[in-house]
Amino acid sequence: MHTDALLHLNLNRRGNVSRRNFLQSAALGIAGSSILTQFQLNAAELKKEGRSCILVWLAGAPSQMETWDPKPGTPNGGETKKISTQTPGIEIAHYWPKIASVMNDIALVRSMTGKEAAHERGTYHLHTGHRMMGIERFPHFGSVVAQEIGDPQSDIPNFVSIGQTLSSGFLGVQVAPFIINRPGQLPANVFNNTADSRQKRRLALLSQQEKDFADAGAASLVKEQSKLYQKAHSMMKSPRLKAFKFEGEPQAMQEAYGKSQLGQGLLVARRLVEVGVPFVEVRSGGWDMHNSVFKNMERRAPDVDQGLSQLLIDLKQRGLLEKTLVICMGEFGRTPKINARPPVPGRDHWVRNFNLLMAGAGIKGGQAIGKTDANGQEIVDTPVQVDDLFRSMCKAMQINADMELHTPIGRPVKLVESGEVIKGLFS
């Protein structure tokens, strides 16, 4: 996976950037800038809406039977029980009591169906809306959001990921995810650890290097590269950097999200949305439960249960939920039938039906869309394709799902190829 981020473009110890890295980075920047013009006409209007998206990614693919579609008392149900929720008639797995308490703000989609049952391919499909084919690398949805409604003059990135994620693909480095690995702390390379005099010498060397490249016929590349450095420099001085940390955040609020990496990441996500970052991804690993699925769910679910429920409460109390789309999902589902793997059985990969959680940004809460049969084997009502999901995400973000993106060679591709908005999802 290509994971270039804005501030990964640092000077080396000699104050230089290698020709290879320079050209690779700049080429990606050019690819992105070619898309910029087509968005400029409506970008100002979209920014007025203040839309944001927080994607909670459960890497490894959580079991639908142990999340939002339990089947207790059936041959496939296993040890998982179901509990009532705030919304009468909707029951979920017993691992999620705090999510159950905020169900009135949540729409569950119980009838997702995909086409990729391998982790890398499923991750790509659910992040880009496109299957992994050919040499083109489609952009992460977060990069599209950053390109469409992000502020190109922002002094902090328009797309932040807490944990490694997919790249901006052919949209280029200007809308690439800015990746942090420890919520509450900034990456070390954000800080200037050199004396001003040395930094000035490095920048002078860089300027000379850029001039040499420009004189050699790479003026346009130099221009794009300069924009990246200017953004990096602006970010290093931005007062909004404090959103990445917990400065001024009451201790009680930090504890409400939970002390886990995921919980603290969700608190950072709320802080970033609050200062205008339009897309944030927060990742949680460890959901590939081929073995010991029930025991592992008891271990993994509480952090997400606490952090995600608190995120929804916090966003709602601050008046942010109505314009912030929250999605919690993984790359596919797990086999309804429990496997026989020693030492303790689990569930394997399954793409024919799985589920996800959505809230905010006009989505009607307190409902479950779609239905599977008694054993969880088949969808019996309202199948939802990945294209349908992406059209719905675009609607929530007020992005035109039918717009065309252009690859670096000028080939037009639709943001979403087919599908329709999930029926009944919005108020």
Side-chain angles (χ1 to χ4, degrees), residues 1-5 28 32 35 52-62 109 112-150 157-173 175-181 262 265 269 277-285 287-288 325-333 349 351 354-358 384-397 399 401 403 405 407 413-419 422:
M1 297 178 185
H2 185 70
T3 53
D4 291 290
L28 287 167
I35 307 300
S52 296
C53 178
I54 298 174
L55 168 61
V56 184
W57 183 256
L58 306 184
V109 180
M112 284 298 304
T113 181
K115 296 177 180 176
E116 303 287 1
H119 291 294
E120 184 178 7
R121 297 183 67 89
T123 299
Y124 186 90
H125 198 190
L126 270 294
H127 276 81
T128 69
H130 294 263
R131 299 180 72 184
M132 187 182 288
M133 295 179 178
I135 61 173
E136 297 291 2
R137 284 294 175 263
F138 285 89
H140 190 305
F141 184 69
S143 295
V144 175
V145 171
Q147 185 79 79
E148 263 288 75
I149 65 174
N158 288 304
F159 175 10
V160 175
S161 180
I162 302 173
Q164 290 290 335
T165 189
L166 271 69
S167 78
S168 51
F170 58 71
L171 284 188
V173 294
V175 289
F178 179 79
I179 295 170
I180 58 175
N181 293 313
L262 187 279
V277 175
F279 195 96
V280 184
E281 179 172 352
V282 185
R283 296 174 71 94
S284 168
W287 298 89
D288 192 15
L325 172 64
V326 178
I327 313 170
C328 179
M329 63 180 175
E331 54 265 47
F332 42 76
H349 297 184
V351 76
F354 58 105
N355 59 25
L356 54 83
L357 175 158
M358 303 178 79
V384 175
Q385 306 284 339
V386 173
D387 275 350
D388 302 327
L389 170 65
F390 272 74
R391 282 201 174 268
S392 303
M393 291 159 58
C394 286
K395 178 178 174 64
M397 298 303 292
I399 292 174
M403 71 177 180
L405 305 177
T407 70
V413 292
K414 290 183 68 174
L415 176 55
V416 184
E417 293 290 348
S418 61
I422 300 170

Compare every heavy atom of [Y] with every heavy atom of [X], then report the nearest pair and how far apart it is.
{"X": "His140", "Y": "Leu55", "value": "CE1-CD2, 4.5 Å"}
{"X": "Arg391", "Y": "Ala401", "value": "NH1-CB, 3.5 Å"}
{"X": "Phe141", "Y": "Met393", "value": "CD2-CE, 3.5 Å"}
{"X": "Val144", "Y": "Pro139", "value": "CG2-CG, 3.8 Å"}
{"X": "Gly330", "Y": "Leu126", "value": "O-CG, 3.9 Å"}
{"X": "Gly129", "Y": "Val386", "value": "CA-CG1, 4.3 Å"}

Do [X] and [Y] have side chains that get closer than 4.5 Å, going by heavy atoms?
{"X": "Met358", "Y": "Val326", "answer": "no"}
{"X": "Asn355", "Y": "Met112", "answer": "no"}
{"X": "Pro157", "Y": "Val277", "answer": "no"}

Legend entry - Aromatic contact, Phe170 with Phe138 (centres under 6.0 Å): yes

Legend entry - Working for side chain to side chain contact (heavy atoms under 4.5 Å, CB included), residues Cys53 and Met397: CA-CA 8 Å; Cys53 178; Met397 298 303 292; 3.8 Å; yes

Rounded to the nearest 0.5 Å, what separates atom [atom1] in [X] from atom [atom2] in [Y]?
{"X": "Ile422", "Y": "Ser392", "atom1": "CD1", "atom2": "OG", "result": "3.5 Å"}
{"X": "Glu417", "Y": "Phe390", "atom1": "CD", "atom2": "CZ", "result": "12.5 Å"}
{"X": "Ile179", "Y": "Ile162", "atom1": "CD1", "atom2": "CD1", "result": "11.5 Å"}
{"X": "Phe332", "Y": "Phe354", "atom1": "CZ", "atom2": "CZ", "result": "9.0 Å"}
{"X": "Phe178", "Y": "Ser161", "atom1": "CZ", "atom2": "OG", "result": "11.0 Å"}
{"X": "Leu58", "Y": "Glu331", "atom1": "CG", "atom2": "CD", "result": "9.0 Å"}

Inset, instruction - Quick one: do Leu389 and Val109 satisfy side chain to side chain contact (heavy atoms under 4.5 Å, CB included)? Show the steps, please. - result: CA-CA 10 Å; Leu389 170 65; Val109 180; over 6 Å; no

Legend entry - Residues Val145, Phe159; criterion side chain to side chain contact (heavy atoms under 4.5 Å, CB included); working and verdict: CA-CA 8 Å; Val145 171; Phe159 175 10; over 6 Å; no

Inset, instruction - Apply the side chain to side chain donor-acceptor pair (under 3.5 Å) test between Glu116 and each candidate in Arg121, His125, His349; give the one that qualifies. - result: Arg121

Inset, instruction - Taking Glu281 for its side chain and Val160 for its backbone only, find out whether a donor-acceptor pair lies under 3.5 Å. - result: no

Inset, instruction - Mark yes or no for whether His130, through its side chain, and Leu415, through its backbone, hold a donor-acceptor pair below 3.5 Å. - result: yes

Inset, instruction - Return yes when atom NZ of Lys115 has more than 12 non-hydrogen atoms of other residues, nucleotides or ligands closer than 6.0 Å, and no otherwise. - result: no

